S.K.: 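First the structure, which I've put down as structure tokens, then a few questions once you've had a look.
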Amino acid sequence: MLAADDHGYEAVRRSELPLDTVELARRLIGKVVVRATSEGVLSGRVVETEAYPVGDAAGHAYRGETSGNRALFLCRGHAYVYLAYGAHYMLNVSSEAAGVGAGVLIRALAPLQGMEMMQRNRRIESLRDLTRGPGRLAAALEIDRRLDGVDLCRVGPLWIARGCREAPEVGASTRIGLSKATDRLLRFYARGDRFVSGPKALNR
DNA sequence: AGTGCGATTGACT
DNA sequence: GTCAATCGCACTA
């Protein structure tokens, strides 16, 4: 079996993650999400994120800490995983200092490793549809509530590696799928990347 | 205890 | 383009 760190990446250091939620969302573009399972390693390069900063009415931490959103209040670099629409898991990275509730939603990846396993997990062939969208990438990488609270700065079942390539040009837009706080430019994406989700108009 | 509503997706007109 | 599926949680009573 391939070890999680065999491809030469190392886990991001917490100290290199910006404290600020919006800065973190921008900086995560180009990093690599790695999922190590007993069956093999699945990974993808982050091409799209959304920031849910402190005081954001659309953020899950807006009404304070609960049993469900506890992970959002961990120090930056921990996983917050929740179920949306009763069907799809969403992977977030906690941001800010310990005790402060905020995070970054990972909206899309460009698949790197374990594509065949992802195709089985998603029951589709199309490479482009494998991890384009937050629910899709969670299904492809077998991410669910069991990974809630995991430290993404340590090599383990789910972690984030420093990208090896140069950081791409990053575009900004409004966020997708919200009914409140829709105005701010809190969505970030790798410009021109075919694995970015959302309508063309938001991806210029 | 009951109600309403999503940080979405896939199937279908 | 439209629309239903489906579950946890916040909110009301």
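Each chain gets a letter, A, B and so on, in the order its sequence line appears, and its residues count up from 1. Atom set for the values below is all heavy atoms of this structure, side chains included, hydrogens, waters and symmetry mates excluded. Predicted, not measured: the structure shown is a model, and the values here were computed from it.
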S.K.: Quick one, which residues of residues 102-112 of chain A touch DNA chain B with a heavy atom under 4.0 Å?
M.R.: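 Contacts with DNA chain B under 4.0 Å: A:Leu105, A:Arg107.
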S.K.: Does CZ belonging to A:Arg146 count more than 12 external heavy atoms closer than 6.0 Å?
M.R.: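 12 or below, so no.
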S.K.: Between which nucleotides of DNA chain B, read 5' to 3', does contact with chain A run, using atoms under 4.0 Å from its heavy atoms?
M.R.: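 Footprint of chain A along DNA chain B, 5' to 3': B:dG6 to B:dG10.
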S.K.: With no hydrogens and no angle check, is any side-chain donor or acceptor of A:Gln119 less than 3.5 Å from a backbone partner on A:Glu125?
M.R.: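 Present.
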S.K.: Donor-acceptor check, side chain of A:Arg35 to backbone of A:Ile143, threshold 3.5 angstrom: yes or no?
M.R.: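 Flag not set: sc A:Arg35 to bb A:Ile143 has no pair under 3.5 Å.
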S.K.: If the test is side-chain contact (heavy atoms from CB on, under 4.5 Å), which one of A:Leu112, A:Ile29, A:Val33, A:Thr131 qualifies with A:Arg45?
M.R.: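 When side-chain contact (heavy atoms from CB on, under 4.5 Å) is applied between A:Arg45 and each of A:Leu112, A:Ile29, A:Val33, A:Thr131, only A:Leu112 qualifies.
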S.K.: Using a 3.5 Å distance criterion without hydrogens, assess whether the side chain of A:Glu16 forms a donor-acceptor pair with backbone atoms of A:Arg13.
M.R.: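 Yes, because the side chain of A:Glu16 sits within donor-acceptor range (under 3.5 Å) of the backbone of A:Arg13.
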S.K.: I'd like to know if the side chain of A:Asn121 reaches the main chain of A:Glu142, judged simply by a donor and an acceptor atom lying under 3.5 Å from each other, with no hydrogens or angles considered.
M.R.: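 Looks like no, no N/O pair under 3.5 Å.
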S.K.: Taking A:Arg191 for the side chain and A:Ala172 for the main chain, is one N or O donor matched with an acceptor at less than 3.5 Å?
M.R.: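 Side chain of A:Arg191 to backbone of A:Ala172: no pair is present.
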S.K.: Following the transitive rule for hydrophobic clusters with a side-chain heavy-atom cut-off under 4.5 Å over Ile, Leu, Val, Met, Phe, Trp and Tyr, establish whether A:Val32 and A:Val104 coincide in one cluster.
M.R.: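 Different clusters: A:Val32 never reaches A:Val104 through Ile, Leu, Val, Met, Phe, Trp or Tyr contacts under 4.5 Å.
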S.K.: Between B:dG4 and C:dA4, how far apart are the P atoms? Round to whole Å, please.
M.R.: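 Straight-line distance between the two P atoms is 16 Å.
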S.K.: In terms of side-chain geometry, is the basic nitrogen of A:Arg162 or A:Glu10 positioned less than 4.0 Å from the acidic oxygen of its partner?
M.R.: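 A:Glu10 and A:Arg162: salt-bridged.
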S.K.: Along nucleotides 6-13 of chain C, 5' to 3', which nucleotides get a B, which get an S, and which get a -, given that the test is a protein heavy-atom distance under 4.0 Å?
M.R.: BB--SS--
S.K.: Using the ring of A:Phe188 (Phe, Tyr or Trp, six-membered ring only), decide whether A:Arg27 places NZ or CZ under 6.0 Å from its centre and within 45 degrees of its axis.
M.R.: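 No, A:Arg27 does not lie over the aromatic ring of A:Phe188.
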S.K.: Does the separation of the ring centres of A:Tyr82 and A:His60 fall below 6.0 angstrom?
M.R.: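 Yes, the ring of A:Tyr82 comes within the 6.0 Å limit of the ring of A:His60, centre to centre.
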S.K.: Below 4.0 angstrom, which residues in residues 70-77 of chain A have at least one non-hydrogen atom near DNA chain B?
M.R.: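 Listed by number, there are none.
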S.K.: Could A:Arg14 and A:Asp151 be called an ion pair, given the rule that one side-chain N must be under 4.0 Å from one carboxylate O?
M.R.: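 Counted as a salt bridge, because a side-chain N and a carboxylate O are separated by less than 4.0 Å.
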S.K.: Salt bridge check: are A:Arg187 and A:Glu48 linked by an N-O gap of less than 4.0 Å?
M.R.: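 Yes, A:Arg187 and A:Glu48 are salt-bridged.
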S.K.: When you measure from the side chain of A:Ser95 to the backbone N and O of A:Gly103, does any donor-acceptor pair fall under 3.5 Å?
M.R.: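 Present.
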S.K.: If you measure from the Lys or Arg side-chain nitrogens to the Asp or Glu carboxylate oxygens, is any gap between A:Asp56 and A:Arg175 under 4.0 Å?
M.R.: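 Salt bridge flag = yes for A:Arg175 with A:Asp56.
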S.K.: Defining pairs by Watson-Crick or G-U wobble geometry with both distances under 3.5 Å, how would you list the stems of DNA chain B with at least three pairs each?
M.R.: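 Stem list for DNA chain B: B:1-6 with C:7-12, B:8-12 with C:1-5.
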S.K.: Can you pull out the residues from residues 119-141 of chain A that lie within a 4.0 Å heavy-atom distance of DNA chain B?
M.R.: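 A:Arg122, A:Gly133, A:Pro134, A:Gly135, A:Arg136 - these, ordered by number, are the residues of the stretch whose heavy atoms sit under 4.0 Å from the strand.
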S.K.: Before you tell me yes or no, could you show the steps for A:Ser173 and A:Tyr189 under side-chain contact (heavy atoms from CB on, under 4.5 Å), namely the whole-Å CA-CA distance, both residues' side-chain angles and the distance that decides it to 0.1 Å?
M.R.: CA-CA 8 Å; A:Ser173 81; A:Tyr189 56 93; 4.2 Å; yes
S.K.: Counting only heavy atoms not in A:Arg184 (residues, nucleotides, ligands), do more than 12 fall under 6.0 Å from its CZ?
M.R.: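 At most 12 heavy atoms, drawn from other residues, nucleotides or ligands, come within 6.0 Å of this atom.
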